[in-house]
Participant: 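Pasting in a structure now, in structure tokens, and then I'll have a few things to ask.
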Amino acid sequence: MADVIPHNSFDTILVLDFGSQYTHLITRRLREINVYSEMLPCTQKLAELTWKPKGIILSGGPYSVYEEGSPHVDPAFFELGVPVLGICYGLQEIAHRLHADNVVAGTSREYGHADLKATRFGGHVDKLFDGLEDAMTVWMSHGDKLCNLPEGFHTIGETQNSEFAAIAHKSEPVYGIQFHPEVTHTPQGGQLLKNFAVGICGADQKWSMSEFIGREIKRIRDLVGPTGQVLGAVSGGVDSTVAGKFNPTRPGDLTEGSLDIQIVLELAKLLTEAIGDRFHAVLVDNGCMRLNECELVKDVLEKQLGINLTVVDASEEFLAGLKGENDPEKKRKFIGGKFIDVFEAEARKIEASSNGKVEWFLQGTLYPDVIESISFKGPSQTIKTHHNVGGIAERLMAGHGLKLIEPLRELFKDEVRELGRQLNISEELVGRHPFPGPGLAIRVLGEVTKEKVDMARKADHIFIGMIREAGLYNEIGQAYAALDPSRAVGVMGDKRVYANIILLRAISTKDFMTATPYPFPYEFLTKVSTRIVNEVEGVCRVAYDFTSKPPGTIEME
Ligand code: GLN
């Protein structure tokens, strides 16, 4: 079984994280060129690593190498005999460990664009710059600098401000660069990382979704054994706030790795391919789903994908519990907690009626969740080793002795989309916008009632339908209609009305961490507004939300 864990079966570049906000991008860029890569905190000891990387990258970080308490790499990594590349802090670390005076605070900080000139040796640039233009645009973000060339190294590239912007050891494969090749502002950065991983480390470019699926199916079969049963929730309902894990950079929003229906469909399909009807999917209707959502999920799972599904209609219980509750965090907590209760009760029933004991619980953890839990946040902060999206697994594991199965744990969201395509899930489902666990409950501001959810639901259906008709759906990161229960005066059919307001939100984003309002044509918004006011009873105004994130979040609550 161990042989199918990706780092045991694919050549792997290990990225040691010193806390840079871009570390995960290094991993991503490598996977984009089909080289498998994993990230571990910079405190990782070589002796505790159970596999051998093909090469090591030391990331950037917010600390200064010469300061007391700043993090340092286990020196044993330099004895492993595999190539090492230091990026920014990583470069400074390489220089500092050879001599404490090599790195100092710079007199001027350098943020943003710089022009790097690769040094020629006998007519050739260093291998790291193979195939790149001699003068390349790079992106910098540092305040410290190398003031001496470390012993045994030579300069392979310089910028106006950084005499030692790129260095290499004269006889060993150890490299350091002051700029960040992983960000898109370094246009040739991807090629540089490829030069390192493939050209210098000799890593195979074999990481692909079809390879991964074959191996993962085998791994699940081996793990679950011939009789084991697996249980999985196929609707949201739980999110990080339930576990008391509040992330101030993303309050109220999905993380890139959050569970949403699209991911869940892919997981369910993967499990069914691996173990057939020993996989039990449970869909809990919390009364706050989008129009026809439950029917759609049921139809896709049962008819199109042949998955064993139980639907539990708990909408009344959820709506009853939300009565009188105005506070967004309390609403979320209630929904998450209730979801766990309903799911647990259902799990017991399934267990009673299935042939083998349910031993496994399926969880849709994605790599960004894993990264968030292992990334190095500072010497004083404890590094979390385990993470789960909302406490449900903890309760099931403790109460029922269930073990966790997380097939997508190594994947980024875009890789999950690719996985869905390979599993023949329709493009429409694979490309769906994320949908939060608590559903429309956090898109109805304040107290949630059935009537209000209905209004938001109908307006949302019209808005999304019109976006699809206009061919804009795939350009937009997320779009929805929310209900503002304040009332405004209007005149409809010569009568005075006093009714609710619908808020439309649509954003452009790459990673959901930052976002800008989607620039719809004015006429489009006018048409949407007319239809909503005409078709949704109880609504007399429609407004478009022009707030970016930050300061706004993507969701309303
Ligand atoms: N903190 C170090 C500096 O300011 C490294 C920065 C980085 O790795 N981006 O130079």
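Nothing fancy with the numbering, it's 1 onward along the sequence. Being a predicted model, the structure only gives us computed values, none of them experimental. One-based numbering, in listed order, for ligands and for the atoms of each.
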Participant: Can you tell me which residue and heavy atom of the protein come closest to atom 6 (C) of ligand 1, and the distance to 0.1 Å?
Facilitator: Gly61 O, 3.2 Å

Participant: Taking 4.0 Å as the limit for heavy-atom contacts, which would you say applies to Tyr63 with ligand 1: side chain only, backbone only, both, or neither?
Facilitator: backbone

Participant: Considering only heavy atoms from C-beta outward, does the side chain of Ile217 approach that of Leu270 to under 4.5 Å?
Facilitator: yes

Participant: Parallel, tilted or perpendicular, judged at 30° and 60°: which one describes the rings of Phe412 and His24?
Facilitator: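 Tilted: the ring planes of Phe412 and His24 meet at 30° to 60°.
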
Participant: With no hydrogens and no angle check, just 3.5 Å: does a side-chain donor-acceptor pair link Trp207 and Glu415?
Facilitator: yes

Participant: Using a 4.0 Å cut-off to any heavy atom of His180, which atoms of ligand 1 qualify?
Facilitator: 9 (N)

Participant: Mind checking whether Tyr544 and Phe520 have parallel, tilted or perpendicular rings, split at 30° and 60°?
Facilitator: perpendicular

Participant: Minimum heavy-atom separation for Ser20 to Pro62, with atom names?
Facilitator: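 Looks like N-CD, 4.3 Å.
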
Participant: Would you check whether Ser20 reaches within less than 4.0 Å of ligand 1, judged by its heavy atoms?
Facilitator: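 No.
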
Participant: Go through ligand 1 atom by atom and flag the ones less than 4.0 Å from a non-hydrogen atom of Ser141.
Facilitator: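 It comes down to these atoms of ligand 1: 6 (C), 7 (C), 9 (N).
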
Participant: Does ligand 1 have a heavy atom under 4.0 Å from the side chain of Lys145, from its backbone, from both, or from neither?
Facilitator: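 For Lys145, no heavy atom sits under 4.0 Å from ligand 1.
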
Participant: Counting from 1, what ligand 1 atoms have a heavy atom of His142 closer than 4.0 Å?
Facilitator: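 Those atoms are 3 (C), 4 (O), 10 (O).
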
Participant: Taking distance alone, with N or O pairs closer than 3.5 Å, would you say Ile87 contacts ligand 1?
Facilitator: no

Participant: Can you check whether Ile87 reaches Leu58 side chain to side chain, under 4.5 Å on heavy atoms?
Facilitator: no

Participant: Answer with side chain, backbone, both or neither: which part of Pro62 has a heavy atom less than 4.0 angstrom from an atom of ligand 1?
Facilitator: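 It is the backbone that gets close, since no side chain atom is under 4.0 Å.
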
Participant: Please say whether Asp144 places an N or O atom under 3.5 Å from an N or O atom belonging to ligand 1.
Facilitator: yes

Participant: Yes or no: does Gln92 have any heavy atom under 4.0 Å from an atom of ligand 1?
Facilitator: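 Yes, Gln92 has heavy atoms under 4.0 Å from ligand 1.
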
Participant: Please answer whether the main-chain N or O of His180 pairs with a side-chain N or O of Thr186 as donor and acceptor at a distance below 3.5 Å.
Facilitator: yes

Participant: Should Cys42 and Glu93 count as side-chain neighbours, where that means a heavy-atom distance under 4.5 Å?
Facilitator: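 Answer no - side chains too far apart.
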
Participant: When you measure from atom 4 (O) of ligand 1 to every protein heavy atom, which one gives the shortest distance, and what is it?
Facilitator: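 For atom 4 (O) of ligand 1, the nearest protein heavy atom comes out as Gly143 N, 2.9 Å.
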
Participant: Please list the nearest protein heavy atom to atom 7 (C) of ligand 1 with its residue and the distance rounded to 0.1 Å.
Facilitator: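 The answer is Cys88 SG, 2.9 Å.
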
Participant: If you apply the rule salt bridge (charged side-chain N to carboxylate O under 4.0 Å, His left out), what do you find for Asp204 with Lys54, and how did you get there?
Facilitator: CA-CA 9 Å; Asp204 280 337; Lys54 269 303 241 197; over 6 Å; no

Participant: Is Gly60 in polar range of ligand 1, meaning some N or O pair under 3.5 Å apart?
Facilitator: no

